[in-house]
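For ligands, and for the atoms within them, numbers begin at 1 and follow the listed sequence. For this chain, numbers begin at 1 and follow the sequence in order.
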Amino acid sequence: MAKKLWGGRFKKKIDKDFEEFSKSIQYDYKLAEYDINHSIIHAIALKNSGILKTGECKKIILSLNAILQQIGKGKFKPNQACEDIHTEIQNRLEKDIGKLALKMHTLRSRNDQIVFDAKWYCLDSGVHIAKLLVGLSASLKFLAKKYPSSFMVGYTHTQKAQVVKLSDYISAFSGMFFRDSTRLMKFIDGINLYIGAGALAGSSLKVSDYDKAIKEFFKGEKFKNAVNTIENSLDSVSDRDFIIEFLSILSILQMHLSRLSEDFILYSTKEFNFLDLPEEFCTGSSLMPHKKNPDFLELVRGSTGKVYGNLVSILTTMKGLPLTYNRDMQMDKEPLFSSVDTIKDELCIMVKFIKGIKLNKQAVKKALEDESLYATELAEYLVYQNVAFKDAHDIVGKLVRYSEDNKVKIKEMPDTILKKFHKGLNIIVINKIMNPEYAVKSKKSISRRKPKINA
Ligand code: ARG
């Protein structure tokens, strides 16, 4: 069994089952590099205070950097017998530099380390996800550009409503992802990493020892976010708001991915047949030979339960926890990692998926022959002939009803019939108004300023 960071006051050995139950190394190894960064800053602060000699500090940092290099090369294999990542790093240090490593944990606590590590992880993951969103925006643009003059049936209540431009339909999603990206950037900018909280009450090292250490650590490097000495150590070790905020942002992003998936699933069914989905992201049925199932989109839609659940899980864990650190907080890692990994995977695949989508122009054209799609435009035309909108609404409503009851298309009605509904109606007007080009062109309220995606 691996050495622990505690134990002096205990007479009995830890129960094996409890030990297994309490371990977090199987997932918190993901925080290794951030934990090492914390250790390096701390070692420099200890040197500044005189607790470590300059040579000792150098030796510690050299050893920590060697672990960082291993991580960089993908060769870091944490010892699964360790309690957590903090223990693992400490044990490695002891193995490498012997007794000197015992000075490393002076005046610091895992309670302080874990917040620092998790915040830096959120920061890096946020930046990574924001970059993936740039890729997603580019894919959506690519799809829209593939069909520059195409139209799309617009729905409300999942009932045919009005004709829209395909590019507008697609950029509706770009708008959602743009807001997600903006939320992420704000979150990233707002993160402050703190150091020096100790277990909860601060440490006897001076603010200036930490300040100098932070400066020395980041020397020459651009790091947008502040690393500060704490203003309130109790709040600092208790804080998990940043995880909740991050998972809220990811939940909204997940909701957008799920809505996009639902639309594409629906429009790729034989019933709609507007979209042809890229085969390499679909699967077949073991029984029904004809099937091409949209599994990727279904899995994205289905992952929403997991991503929302992760947020609710942490909110529930934190509710009612007394100040300050409680071990309950260990439960924040798995939901955090789960949402981050899920979103990253989804975005990576979605970028490729969207590029492979094909529009079935024939099916869309056929759907656009439905005359009810132009009823609103016809009513608006009458408004410009000085008919009050409520009356125009009524006139066109009756015309549509007449068409349905008598199974005759409006475009096929003689002028004598059309004029019964309103004197301004005739076949020339009907043909001019009831087509997708006119319907879309008649809309002047859209500024068509393109949303910029945050890079
Ligand atoms: N594994 C713990 C967590 O994730 C780290 C902090 C443990 N602190 C302690 N005093 N047991 O929250």
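When atom types are taken as modelled, the side chain of Lys146 and the backbone of Lys358 share no donor-acceptor pair closer than 3.5 angstrom. In this structure, Thr182 contributes its side chain and Phe178 its backbone to a donor-acceptor pair below 3.5 Å.
Within 4.0 Å of ligand 1, the residues that place a heavy atom are Ser24, His86, Arg110, Asn111, Ile114, Tyr325, Arg327, Gln330, Lys333, listed by chain and number.
Under the salt bridge (Lys or Arg N to Asp or Glu O under 4.0 Å) criterion, Asp263 pairs with no residue, sequence neighbours left out. Under the salt bridge (Lys or Arg N to Asp or Glu O under 4.0 Å) criterion, Asp276 pairs with Lys292, not counting sequence neighbours. Annotation: ring-ring contact (aromatic ring centres under 6.0 Å, His included) contacts of Tyr308 (sequence neighbours excluded): none.
Considering every non-hydrogen atom in both Ser139 and Ile354, the closest pair reads O-CG2, 3.6 Å.
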